Amino acid sequence: MTAVALRHRGRPAWGQIGLYGVLCVLALVYIYPFLVQLATSFKTDPDAAAQPVSLVPQAFTWQAYERLFLHSDFPVWFMNSAVVTLLVTLGRVFFCSLAGYALARLRFRGRAVIFAALVAVMSVPAVVLLIPKFLVINSLGIYDSYAGMVLPLLVDAAGVFIMKNFFESIPRSVEEQARIDGAGIFRTFWSVVLPMARPALITIVILSFQGSWNELSHFIVATQSPELTTLTKGVASLASGQLSQGSEYPIKLAAAVIMTIPVAVMFFIFQRRIMNSTEGAVKE
Amino acid sequence: MSTVTRAGVGRGEAAAGWLFTLPVIIILGLFLLVPVVMALWVSFSDWTGRGSPFSADVGLVGAENYEAVTTGGGLAERDFGLAMRNNAWYAVLVIPLQTALSLFLAVLVNRAVLRGRGFFRTAFYFPSVTSSVAITVLWLFLFSSSGAVNRILSWIGVAGPNWFNDPTGVVHAALRGIGVDRGPEVLTENSFLSVSWWEWLAGPSFAMSAFILMAIFTTSGTFMLLFLAGLQNLGQDVDEAAVMDGAGIWQRFWHVTLPQLKPVLFTVLTLGLIGCWQVFDQIYTGTQGGPGKTTLTPAYLSYQSAFISQEWGQGAAIAFILFLIIVAMTLLQRWILRDRPISGRRRMLPADQDSLSAQPKGGRG
């Protein structure tokens with residue numbers, strides 16, 4: 001760094017100004033669409049059509065939100081997404097850490113085979129599984145039920161992978177002490193190892209929360225009744241239903257704003273962690 | 001758990017090992033392995049979606065479903081051909097652009113002296129965390145005929161297209177601009193997958209172009225973070241040595257930084273490639289394959305054939321062809337980016353740095 005500074009000592013100002021200029025323009029391009037989204041959700045239909053770029057509604061109105069919450073199935077969608085996300089996140093944290101611990105620490109026959117199968121499974125693209133998943137869910141008789149929505153998402157091969165890597169990175173000595181003191185395997189795992197795995201667990205929470213809240217294709221093939229519609233599926237139907245008319249943008253964008261809020265809150269809570277670790281950053 | 005005795009340690013560990021991994025095995029087996037086998041069966045059958053695919057009145061039809069979409073000459077083949085064309089253009093444009101942009105962003109925000117680094121990183125990464133459905137809804141609004149994008153284009157005197165309703169390919173549109181309305185006969189008369197070569201070369205439609213921009217917008221932040229992690233692992237000393245040798249910024253980037261980033265580059269390209277052939281959510285939410293089937297993708301076509309047209313065999317066949325395409329592309333890319341034994345640029349690096357760059361970084365590298 002020092003060498004670079006020396007070399008450019010003659011003309012630091014212009015380079016810096018140019019850099020900030022480029023960065024500010026890019027940041028504007030990335031942020032402006034979300035500002036327009038937020039602003040438009042408070043506009044009236046004619047205003048949204050007439051002033052698509054403006055960030056200030058001509059007449060500020062909660063109309064779109066009122067219609068969503070009082071005169072549509074939106075609250076049901078929101079509830080379903082919340083329930084599924086909560087269950088899936090809890091399940092993944094527990095099952096992924098359990099399996100990750102076994103694969104990292106416990107010696108048993110078949111461990112290598114399980115691990116190899118896990119890696120193979122990770123490479124199957126999700127979209128290829130749309131029809132197959134429907135076939136199994138249907139055969140098991142859990143089509144159009146919470147079980148069909150939650151069970152298939154409950155385990156994530158990538159999550160097991162992350163937990164295994166983490167457990168391998170912490171020293172064995174602590175758990176060996178606990179085992180010598182007479183604690184069973186599950187007890188050692190639960191009260192000694194798991195509390196140490198906080199950073200990796202947070203990664204799993206972030207990935208699961210984001211993954212299941214934003215999941216669409218699985219719910220398309222797993223459910224059909226309106227009572228089980230999630231936010232993604234509901235908002236997608238809202239968007240595609242009136243594409244040809246091109247109207248009612250405020251209500252669609254209001255729905256998009258609300259479904260963005262939980263992941264945005266999650267993002268800002270764990271921002272430092274997401275930005276500093278590669279594992280936490282990979283969007284699944 | 002039973003108490004651990006000296007003799008029982010091994011057996012106890014084995015039992016616990018299986019018990020701990022059992023939920024994962026059951027769920028992944030039931031919802032990943034079994035489905036794949038079942039779908040493989042369906043892709044060779046004439047199942048119509050009623051009853052069990054294993055019941056007696058479902059017949060095996062051999063490779064008929066695969067033939068229908070690849071050589072049948074009917075609508076199924078043409079739809080598949082169009083989907084392949086659309087997705088190929090999508091991949092060809094999205095992968096290089098998202099990789100270049102994310103690397104550019106990473107280099108910009110990697111500067112230690114930069115003020116507001118956190119703000120810029122957050123701004124670039126935020127689109128990556130939001131759902132594809134929400135972004136698609138926003139995109140439909142921004143790219144509507146009188147939307148924000150066309151309004152901004154009009155400020156600089158450009159009359160923007162009716163994005164999501166315009167099936168014209170951008171290459172065709174450009175050719176039309178210089179007066180070429182019809183392709184040469186050799187292109188219009190010959191075809192592949194029931195789509196004429198002239199149509200293959202049409203380029204992405206304006207509707208697809210909007211999706212291409214959206215993909216670059218939503219993925220560049222994620223990949224920027226991957227590159228950023230890679231950049232932070234690099235030693236400063238090599239760069240400084242190159243500065244002493246009088247190498248310019250561009251030379252240093254091209255000959256010093258980029259070769260060291262090869263493992264990350266491989267990860268980004270692979271993830272990009274896999275993602276590019278899985279375009280589904282956007283199409284389902286936004287256009288359902290329209291206008292003029294120009295945003296049809298194999299992933300969406302597979303869903304549409306099975307769940308809407310009730311052609312389950314064909315849908316499953318398309319899914320497996322798609323799977324093979326993704327595997328083949330990944331292998332091809334691995335081969336292209338393989339470590340060559342001797343390379344001219346490597347001689348520029350000091351010996352120890354060379355061995356460092358050859359090591360894969362992290363589990364994915």
Side-chain angles (χ1 to χ4, degrees), chain A residues 1 3-4 7 23 27 30-31 33 36-37 49 52-53 95 98-99 101-102 106-109 111 114 121 124-125 127-133 135-136 152 154-155 157 160 165 179 184-187 210 214 216-217 232 235-236 239-240 246 249 252-253 256 259-260 263 267 275 278 281 283, chain B residues 1 4 12-14 16-18 20-21 23-24 27-28 31-32 34-36 38-39 53 108 112 120-121 123-124 127-131 133-134 137-138 140-142 144 146-148 151-152 222 225-226 229 240 243 274 278 280-281 284-285 288 299 303 306 315-316 319 322-323 326 362-363:
Chain A
M1 231 53 242
V4 179
R7 196 167 169 300
L23 277 170
Y30 275 81
I31 294 171
V36 168
Q37 180 181 35
V53 187
F95 292 129
L98 208 55
Y101 179 71
L106 303 179
R107 283 160 301 228
F108 61 102
R109 194 182 293 226
R111 188 172 78 162
I114 295 176
V121 151
V124 179
V127 164
V128 174
L129 288 168
L130 278 184
I131 300 173
K133 252 198 219 162
L135 296 175
V136 168
L154 217 48
V155 157
V160 179
N165 280 348
R179 296 287 291 282
I185 296 175
F186 184 78
R187 217 197 138 115
Q210 199 181 310
N214 292 343
L216 169 67
S217 56
T232 45
V235 175
S240 58
Y249 274 114
K252 292 174 190 171
L253 290 172
M259 76 189 285
T260 307
V263 278
F267 172 67
M275 293 306 209
T278 327
K283 190 183 180 186
Chain B
M1 291 296 132
V4 185
E13 261 193 35
W18 280 101
F20 281 22
T21 47
V24 171
I27 290 178
L28 289 184
F31 296 106
L32 252 153
V34 174
V36 169
M38 250 173 123
L108 283 190
F120 288 119
R121 288 182 190 184
F124 299 147
S128 305
V129 299
T130 55
S131 97
V133 174
V137 169
L138 174 58
L140 291 174
F141 173 65
L142 293 178
S144 62
S146 60
R151 184 64 58 93
I152 290 167
T222 311
L225 287 193
L226 292 183
E240 283 176 14
V243 173
I274 293 172
Q278 300 206 50
F280 176 83
D281 290 11
Y284 177 90
T285 307
Q288 292 86 45
Y303 161 81
L322 184 60
F323 190 18
I326 294 174

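Residue numbers begin at 1 in each chain, while the letters A, B, ... track the order of the sequences. Here the structure is a predicted model, which means the values were calculated and not measured.
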Atom group of [X] that falls short of 4.5 Å from chain A, counting heavy atoms:
X      : answer
B:F120 : side chain
B:L138 : both
B:F323 : both
B:L142 : side chain

**Message:** With heavy-atom distances below 4.5 Å as the criterion, would you say the side chains of A:V160 and B:L28 are in contact?
**Reply:**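 Heavy-atom side-chain distance check fails, nothing below 4.5 Å.
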Of the backbone (N, CA, C, O) and the side chain (C-beta and beyond), which part of [X] lies under 4.5 Å from a heavy atom of chain B, both, or neither?
X      : value
A:I114 : side chain
A:L253 : both
A:L129 : side chain
A:A49  : backbone

**Asked** Does the pair B:Y303 and A:S217 meet the rule for a side-chain contact (heavy atoms from CB on, under 4.5 Å), with working shown?
**Response** CA-CA 10 Å; B:Y303 161 81; A:S217 56; over 6 Å; no
**Asked** Quick one: CZ on A:F95 to CD1 on B:I27, what's the gap to the nearest 0.5 Å?
**Response**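 A:F95 CZ to B:I27 CD1: 5.5 Å, rounded to 0.5 Å.
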**Request:** Quick one: sort the B:F20 and A:Y101 rings into parallel, tilted or perpendicular, breaks at 30° and 60°.
**Result:**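 The arrangement is tilted - the two ring planes meet at 30° to 60°.
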Of all of [options], which one pairs up most often with chain B through heavy atoms under 4.5 Å apart?
options                      : value
A:T232, A:L98, A:T260        : A:L98
A:A102, A:A27, A:P132        : A:P132
A:V235, A:L23, A:V53         : A:L23
A:L135, A:I31, A:V36, A:L130 : A:L135

**Request:** Please report the closest heavy-atom contact between B:V133 and A:A236, naming both atoms and the distance.
**Result:**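 Scanning both residues completely, I find the closest heavy atoms to be CG1-N, 3.8 Å.
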**Prompt:** So, for B:A14 and A:F108, which heavy atoms are closest and what is the spacing to 0.1 Å?
**Reply:**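 Nearest pair, atom of B:A14 first, then A:F108: CA-CB, 3.4 Å.
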**Message:** Would the distance check show the side chain of A:N214 and the main-chain N or O of B:V129 forming a donor-acceptor pair, the cut-off being under 3.5 Å?
**Reply:**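 Present.
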**Request:** Check the pair B:W18 / A:L106 against side-chain contact (heavy atoms from CB on, under 4.5 Å), numbers first and verdict last.
**Result:** CA-CA 9 Å; B:W18 280 101; A:L106 303 179; over 6 Å; no
